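Since we're looking at a predicted model, the values are computed, not measured. Numbers restart at 1 for each chain; the letters A, B, ... are given by sequence-line order, proteins then strands.
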Amino acid sequence: MSKAIQYIKSSAVPLAAENVDTDQIIPARFLKATSRDGFGKNLFRDWRYFNDDEGQPKSDFILNNPVFKGKILLAGKNFGCGSSREHAAWSIKDYGFDVVVSSFFADIFKNNALNNFLLPVQVSDAFLQTLFAAVQANPQTEIEVDLEKQSIALPGGEQETFDINSYKKTCLLNGYDDLDFLLSIKPEIEAFEKTF
Amino acid sequence: MSKTLFEKIWEKHVVRQLDGGPAVLYIDRHFIHEVTSPQAFKGLEQRGLPVFRPKQVVATADHNVPTVDQHLPIKEALSRIQVEQLHENCAKYGIELYGLGHPFQGIVHVIGPELGVTQPGMTIVCGDSHTSTHGAFGAIAFGIGTSEVEMVLATQCLLQSKPKTMRINVEGDLGTGVTAKDIILYVIAQISASGATGYFVEYAGSAIRKLSMEARMTICNMSIEMGARGGMIAPDETTFAYLQGRDFAPKGEAWDAQLAYWKTLYSDTDARFDLELHFKAEDIEPMVTYGTNPGMGIAVTAAVPAEETLAEKDLPAYRKALEYMGLQAGKAIQGQKIDYVFIGSCTNSRIEDLRQVAALVAGKQKAPGVEVWVVPGSKQVEEQARREGLDKIFEAAGFNLRQPGCSACLGMNEDKIPAGKYCISTSNRNFEGRQGPNARTLLASPLTAAAAALTGEVSDVRNL
Ligand code: SF4
């Protein structure tokens with residue numbers, strides 16, 4: 001599933017809720033798989049369906065609104081709080097998103113997202129409102145995310161830069177993960193253990 | 001240079017600092033459980049890697065296990081498969097497993113401390129956000145995702161950016177009926193469910209120093225509920241007394257050597273924190289939550305906040321939460337009818353919690369129509385409770401003493417709260433659906449939960 005992320009231009013799905021916790025993103029009863037794949041179909045399960053029944057979608061939930069689609073998920077502040085389940089990142093990625101934009105991410109979620117090539121883009125509260133307004137006014141609005149330049153922009157020219165640490169940026173641009181790096185320094189880890 | 005407790009431990013574990021990026025952090029102890037480890041083992045297998053330091057890993061089965069008839073095979077197929085996979089993986093890689101039926105089995109954050117595996121000065125991780133619990137011993141302990149579980153299995157290291165540091169000072173004496181759980185619910189209500197995001201918290205002050213280890217664990221456990229990466233409390237005589245003689249605590253000379261080191265683990269007097277907060281113990285009353293995140297808490301004597309007290313922009317989320325909970329803004333929380341009482345979870349399922357509840361309910365009866373579950377955090381807690389005769393007290397009160405596991409803390413195993421029912425719970429999360437689809441959770445201390453069990457409604461334990 002590892003795949004480099006460089007530049008994404010896509011319409012977005014605006015999920016206007018704050019403090020979205022990972023229990024909502026993927027409810028606990030769907031954590032029983034032993035592989036990483038196929039979680040997308042249970043993304044926001046309880047917000048998407050009545051009584052757990054796929055035949056009964058909740059039409060007012062944004063993922064069920066055919067007008068909004070794309071590789072970018074816009075979300076309110078403090079996205080991904082709660083349980084550390086990486087299944088949350090897997091389900092968002094598996095559903096088809098490559099980027100989540102919010103004005104704040106919970107720490108563990110952010111790490112999990114980065115480890116799964118799902119780019120968390122943290123913007124200011126004001127810019128987040130601008131993005132929401134643009135997408136709500138015109139669902140076809142394409143947002144550009146350029147990881148190399150660390151920028152996120154609307155077609156009208158409004159843009160903002162975002163932070164990402166340089167190590168993680170290199171990993172995402174090149175499709176490397178942390179484990180590749182850690183394995184490459186194993187002799188150093190062993191030497192460290194002796195001094196410890 | 002003066003340092004915080006966090007910095008002392010962190011710096012000792014940095015293998016390498018990457019320029020402009022995270023540090024390679026060495027991990028002393030790694031706890032694993034059945035839910036967040038299978039994909040990590042699968043990853044190792046795909047890469048053809050061994051577990052680097054199997055002796056530093058401890059496993060248990062807790063999230064998916066039933067809490068009755070644990071000697072029988074697990075009924076639900078997917079749960080059974082996860083537990084079986086854990087057994088296979090541990091056997092294959094030489095990892096110690098305290099699975100079902102083992103005298104050490106229990107919730108991962110209860111057994112680590114209880115066995116003395118958790119010690120001051122350590123770095124500790126687990127694929128579970130409440131790993132922060134172990135910070136009560138003066139350790140850097142935090143939850144990680146499954147990819148990170150795989151990294152620690154493969155290299156005993158993680159890449160971590162250094163968080164900011166915060167100190168939360170609580171001074172003074174707690175009133176009667178007010179417990180550690182009320183302290184932490186109060187703090188979260190004050191600073192919100194995201195108030196400590198990006199920080200690692202140290203709890204300090206006279207009110208914290210007076211707490212038992214069990215109570216300190218309750219506090220550190222819920223650090224994550226205000227967004228913190230973890231929480232910790234400097235080790236002291238209470239810590240050392242708790243640890244001495246436990247199965248995996250150092251013995252003899254090794255104990256003396258470790259003890260000397262542990263005594264250096266405190267924040268220097270002029271150490272600087274990125275943020276310091278101060279609270280008074282006297283201001284804290286028994287707390288209960290009314291909403292769908294742990295920051296939505298009030299004193300049991302208070303009313304659900306009226307809409308006028310909220311900012312306009314917060315109203316939609318607030319109304320949604322109250323609608324889910326079926327509660328009314330401005331109405332007193334006392335007297336709210338309760339259907340279920342859950343006393344358990346890694347927040348409050350230790351022997352001290354059970355003793356407190358037993359002392360309150362001894363000789364009394366639960367209210368009719370209320371279902372009460374007492375779920376010990378570990379096999380050892382369960383045994384201890386029986387030795388002390390607490391089981392008899394619970395039985396006489398009409399409480400159902402079950403077998404150890406995460407139980408109704410999360411709607412994942414057989415113990416679920418039915419849709420629409422009200423559950424007063426000693427666990428740590430009141431998110432929508434946390435205890436089962438459409439279940440309504442009110443978080444509280446074991447004492448407040450026990451009070452509700454006796455009266456059938458949210459009650460002030462101080463009036464009983
Ligand atoms: S008791 Fe609850 S919070 Fe604790 S580890 Fe189990 S599921 Fe997680």
Side-chain angles (χ1 to χ4, degrees), chain A residues 16-19 21-24 27-36 45-47 51-52 76-78 81-90 104-109 111-116 165-171 177-179 181-183 185-186 188-193 196, chain B residues 12 15-16 18-22 24 26 35-36 38-39 42-43 47 49 52-53 63-64 76 78-79 81-82 85 127-129 131 142-148 150-151 154-159 161 163 193-194 197-198 224-225 227 229 293 317 320 410-412 429 431-434 437-438:
Chain A
E18 295 190 351
N19 296 313
D21 60 77
T22 55
D23 276 81
Q24 308 315 315
R29 61 188 186 284
F30 299 114
L31 306 187
K32 295 185 181 176
T34 51
S35 91
R36 288 180 202 226
R45 183 75 187 202
D46 293 340
W47 288 359
N51 308 324
D52 223 356
K77 194 166 149 192
N78 198 28
C81 56
S83 151
S84 64
R85 59 189 69 161
E86 191 162 321
H87 313 67
W90 298 337
F104 210 98
F105 291 97
D107 288 337
I108 304 183
F109 176 80
N111 271 334
N112 287 339
L114 288 166
N115 284 329
N116 289 282
N165 80 47
S166 56
Y167 164 80
K168 273 292 173 194
K169 181 172 167 180
T170 317
C171 286
D177 63 22
D178 283 1
L179 185 48
F181 173 76
L182 289 172
L183 288 168
I185 65 159
K186 217 156 171 186
E188 192 176 330
I189 297 171
E190 280 166 317
F192 176 86
E193 283 180 317
F196 193 58
Chain B
K12 202 164 182 277
V15 177
R16 189 205 280 190
L18 305 187
D19 291 337
V24 176
Y26 190 79
V35 178
T36 54
Q39 291 91 348
K42 210 155 255 177
R47 294 189 195 227
L49 294 170
F52 183 51
R53 295 290 180 245
H63 283 64
N64 268 334
E76 217 256 331
L78 292 172
S79 300
I81 292 169
Q82 278 193 335
Q85 280 226 341
D128 189 287
S129 52
T131 309
F142 55 91
I144 56 178
T146 298
S147 295
E148 293 171 309
E150 186 180 338
M151 291 172 212
T155 68
Q156 208 58 38
C157 285
L158 273 180
L159 284 152
S161 301
S194 57
T197 306
I224 186 82
E225 306 313 336
R229 199 74 181 87
N293 76 55
K320 181 167 178 278
L410 87 173
M412 178 158 202
R429 288 192 171 140
F431 300 148
E432 288 180 21
R434 172 75 180 183
N438 292 310

Side chain from CB out, backbone as N, CA, C, O: work out which of these in A/Gln24 comes under 4.5 Å of a heavy atom of chain B, or both, or neither.
side chain
Pairing donors with acceptors under 3.5 angstrom, does anything connect the side chains of B/Thr155 and A/Lys186?
no
Are the charged groups of B/Arg434 and B/Glu225 less than 4.0 angstrom apart, N to O?
no
Heavy-atom proximity to chain A below 4.5 Å, by part of B/Thr131:
neither
With a 4.5 Å cut-off on heavy-atom pairs, point out which of A/Glu188, A/Lys169, A/Arg29 contacts chain B the most.
A/Glu188
Mind listing the closest non-hydrogen atom pair of B/Pro38 and B/Gln82 along with its distance?
CG-NE2, 4.5 Å
Most heavy-atom pairs under 4.5 Å with chain B, out of A/Asn19, A/Asn111, A/Asp46, belong to A/Asn111
Specify which of B/Gly433, B/Gly198, B/Ala317 makes the most heavy-atom pairs with chain A at under 4.5 Å.
B/Gly198
So which part of A/Phe196 gets closer than 4.5 Å to some heavy atom of chain B, the side chain, the backbone, both or neither?
side chain
Show the nearest heavy-atom pair for residues B/Asp19 and A/Ser166, with the distance to one decimal.
O-OG, 3.6 Å
Is it the backbone or the side chain of A/Asp178 that comes under 4.5 Å from a heavy atom of chain B, or both, or neither?
both
Looking only at heavy atoms and a cut-off of under 4.5 Å, which of B/Glu76, B/Gln156, B/His63 has the most pairs with chain A?
B/Glu76
Most chain A-contacting option - heavy-atom pairs closer than 4.5 Å, from B/Asn293, B/Ile224, B/Asp128, B/Thr36
B/Asp128
Turns out that what part of B/Asn438 lies under 4.5 Å from chain A's heavy atoms comes down to neither
Looking only at heavy atoms and a cut-off of under 4.5 Å, which of A/Ser35, A/Ala191, A/Ala106 has the most pairs with chain B?
A/Ser35
Please find the pair of heavy atoms, one from B/Ala154 and one from B/Leu49, that lie closest to each other, and give the distance.
CB-CD1, 4.1 Å
Heavy-atom pairs under 4.5 Å with chain A are the metric here; pick the option from B/Pro22, B/Ser147, B/Gly21 that has the most.
B/Ser147
Part of B/Glu148 within contact of chain A (heavy atom distance under 4.5 Å):
both
Could you report the tightest heavy-atom contact between B/Gln39 and A/Ala33, atom names first, then the distance?
NE2-O, 3.2 Å
Parallel, tilted or perpendicular, judged at 30° and 60°: which one describes the rings of A/Phe192 and B/Tyr26?
tilted
Tell me, side chain or backbone of B/Lys12 under 4.5 Å from chain A's heavy atoms, or both, or neither?
both
So for B/Val35, is it side chain, backbone, both, or neither that comes closer than 4.5 Å to the heavy atoms of chain A?
both
For B/Leu158, is it the side chain, the backbone, both or neither that has a heavy atom under 4.5 Å from a heavy atom of chain A?
backbone
Would a distance-only check, ignoring hydrogens and angles, find a side-chain to backbone donor-acceptor pair under 3.5 Å from A/Asn112 to A/Ser84?
yes
Looking at every non-hydrogen atom in both residues, tell me the closest pair between B/Arg429 and B/Ser129 and how far apart they are.
NH2-OG, 3.0 Å
Please tell me whether A/Asn116 and A/Glu86 have a donor and an acceptor in their side chains that are separated by less than 3.5 angstrom.
yes
In terms of heavy-atom pairs under 4.5 Å with chain B, the winner among A/His87, A/Arg85, A/Lys77, A/Glu18 is A/His87
Portion of A/Phe104 that has a non-hydrogen atom of chain B nearer than 4.5 angstrom:
side chain
What heavy-atom pair brings B/Gly227 and A/Asp107 nearest, and what distance separates the two atoms?
O-OD2, 4.1 Å
